[in-house]
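Have a look at the structure below before the remarks.
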Amino acid sequence: MGKLVIVGTVAFDAIETPFGKTDKILGGAATFIGLAASQFEVDSAVVSVVGGDFPNEYLELLESKSMDISGVEVVPHGKTFFWSGRYHNDMNSRDTLATELNVLADFKPVVPENFKDADYVMLGNLHPNVQLGVLEQMEKKPKLVVLDTMNFWMDNTWDELMEVIKKVDVITINDEEARQLTGEHSLKVAARKIQEMGPTYVVIKKGEHGALLFNGGNAFFAPALPLEEVFDPTGAGDTFAGGFIGYLASVDNVTFESMKNAIIYGSTLASFCVEKFGTERMKHLSANEVRKRLQEFKKLTQFEIELT
Ligand code: AMP
């Protein structure tokens, strides 16, 4: 089992979907990543920042899911990062209504001393300089660094993003973002170009259409589990990433074969995340429920064709 450092936003989200609307609720990339990774027996630490307006009970929730939160800075007179989004009827696309960086604007990450030798680092979606700041504090080269990012950072901090992309082993990105990053429509070509930028593994998430893994000439595809109801897709990408790296850290193995399983775990956990608003579903997810869904996943994707 490897130690895991997670950097990302711990946030307030306000979400509108065709099913309803929330006030400010708990969100943030690191929150979803940490909740997903907590399904595995991994020592994880969250590096982030919140304002004095952030409820203690939210921090306690992260702690209760066995995350070390000593790297979550609280700025007493600052305001917590706030994101608001509205989903379209297809639930696959959304408009960002607000991104208020607040305390994130001046954040200098500090990796807890006892996590500086961690073998697994998840650079969740946030300012690429903060992601770089975390990498620079690692005392030895981690076995695996996974990067997640989004169009916001491509639009606003391109050069810094290119710096961090050079230094990671895996990037998880959605299809639109892969196209924006490379200017290529074909995901296969985009994945090849992204590998030339640095990461040896490229994971392209396609929402309800599953996820692709590329590594040199190898490729793997996993569908998303067909669900009767998608209530709120917020955090699905982060949950996927948390499941992906949480699994790899728990088996402490970073081969292409174990990454295939990591994708299945990521997809399975993401399928729970979307069933309720925000973190509601992930907060109460049991190992038994996960096991059952993995069985469904296996049934859905396994077939035997005799090839002569
Ligand atoms: P996902 O649905 O997986 O893309 O992630 C949604 C989460 O990302 C929300 O909980 C937001 O708080 C967070 N988020 C949205 N925009 C940003 C941003 N520009 N930087 C960092 N985190 C963000």
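Start at 1 and go down the list; that is how both ligands and their atoms are numbered. Positions are given from 1, in the same order as the sequence printed here.
Considering backbone and side-chain atoms alike, Phe32 places every N or O at 3.5 Å or more from each N or O of ligand 1.
The residue from Gly237, Ala14, Gly235 that puts a heavy atom closest to atom 2 (O) of ligand 1 is Gly235. One option in Trp83, Phe82, Phe240 has a heavy atom closer to atom 15 (C) of ligand 1 than any other, and that option is Trp83. Between Met150, Glu100, Arg94, it is Arg94 that holds the heavy atom closest to atom 4 (O) of ligand 1.
In this structure, the protein non-hydrogen atom closest to atom 14 (N) of ligand 1 is Phe81 CE2, 4.0 Å. Given atom 10 (O) of ligand 1, the protein heavy atom at minimum distance is Asp13 OD2, 2.4 Å. Shortest contact from atom 21 (C) of ligand 1 to any protein heavy atom: Asn125 O, 2.9 Å. In terms of protein heavy-atom proximity, atom 5 (O) of ligand 1 is nearest to Asp238 OD2, 2.7 Å. The shortest contact between atom 22 (N) of ligand 1 and any protein heavy atom is with Thr9 OG1, 3.0 Å.
Under a 4.0 Å N-O distance rule, the pair Glu257/Lys260 qualifies as a salt bridge. Remark: Arg293 engages Glu275 in a salt bridge, criterion side-chain N to carboxylate O under 4.0 Å.
Every atom of ligand 1 is numbered from 1 in the order shown, and the set under 4.0 Å from a heavy atom of Trp153 is 18 (C), 19 (N), 20 (N). Taking every non-hydrogen atom of Ala11 and a distance limit under 4.0 Å, the qualifying atoms of ligand 1 come out as 12 (O). Residue Phe152 has at least one heavy-atom neighbour below 4.0 Å for each of these atoms of ligand 1: 19 (N). Listed by number with element, the atoms of ligand 1 under 4.0 Å from a non-hydrogen atom of Gly28 are 9 (C), 10 (O), 12 (O). Near Gly27, meaning under 4.0 Å from any of its heavy atoms, are these atoms of ligand 1: 10 (O).
Between His88 and Asp95, the side chains place a donor N or O and an acceptor N or O closer than 3.5 Å (distance only, hydrogens not considered). Using a 3.5 Å distance cut-off with no hydrogens or angles, the side chains of Ser44 and Tyr120 do not pair a donor with an acceptor. Residues Ser286 and Asn288 have side chains that never bring a donor and an acceptor to within less than 3.5 angstrom of each other.
Linking Ile, Leu, Val, Met, Phe, Trp and Tyr whenever their side-chain heavy atoms come within less than 4.5 Å puts Val290 and Leu35 in one cluster.
Of the residues Asn151, Ile194, Thr149, the one that meets the side chain to side chain contact (heavy atoms under 4.5 Å, CB included) test with Leu181 is Ile194. Of the candidates Lys141, Lys140, Lys3, Lys140 is the only one forming a salt bridge (Lys or Arg N to Asp or Glu O under 4.0 Å) with Asp119.
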(message) Go through it in stages, so that I can follow the logic: the residues are Tyr247 and Ser258, the test is side chain to side chain donor-acceptor pair (under 3.5 Å), and I'd like the CA-CA distance, side-chain angles, deciding distance and then a yes or no.
(response) CA-CA 9 Å; Tyr247 171 78; Ser258 58; 6.0 Å; no
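Here the CE atom belonging to Met282 is positioned 11.5 Å from the CG atom belonging to Leu61, to the nearest 0.5 angstrom.
Residue-level proximity to ligand 1 for His127 is absent, since no heavy atom of it falls below 4.0 angstrom.
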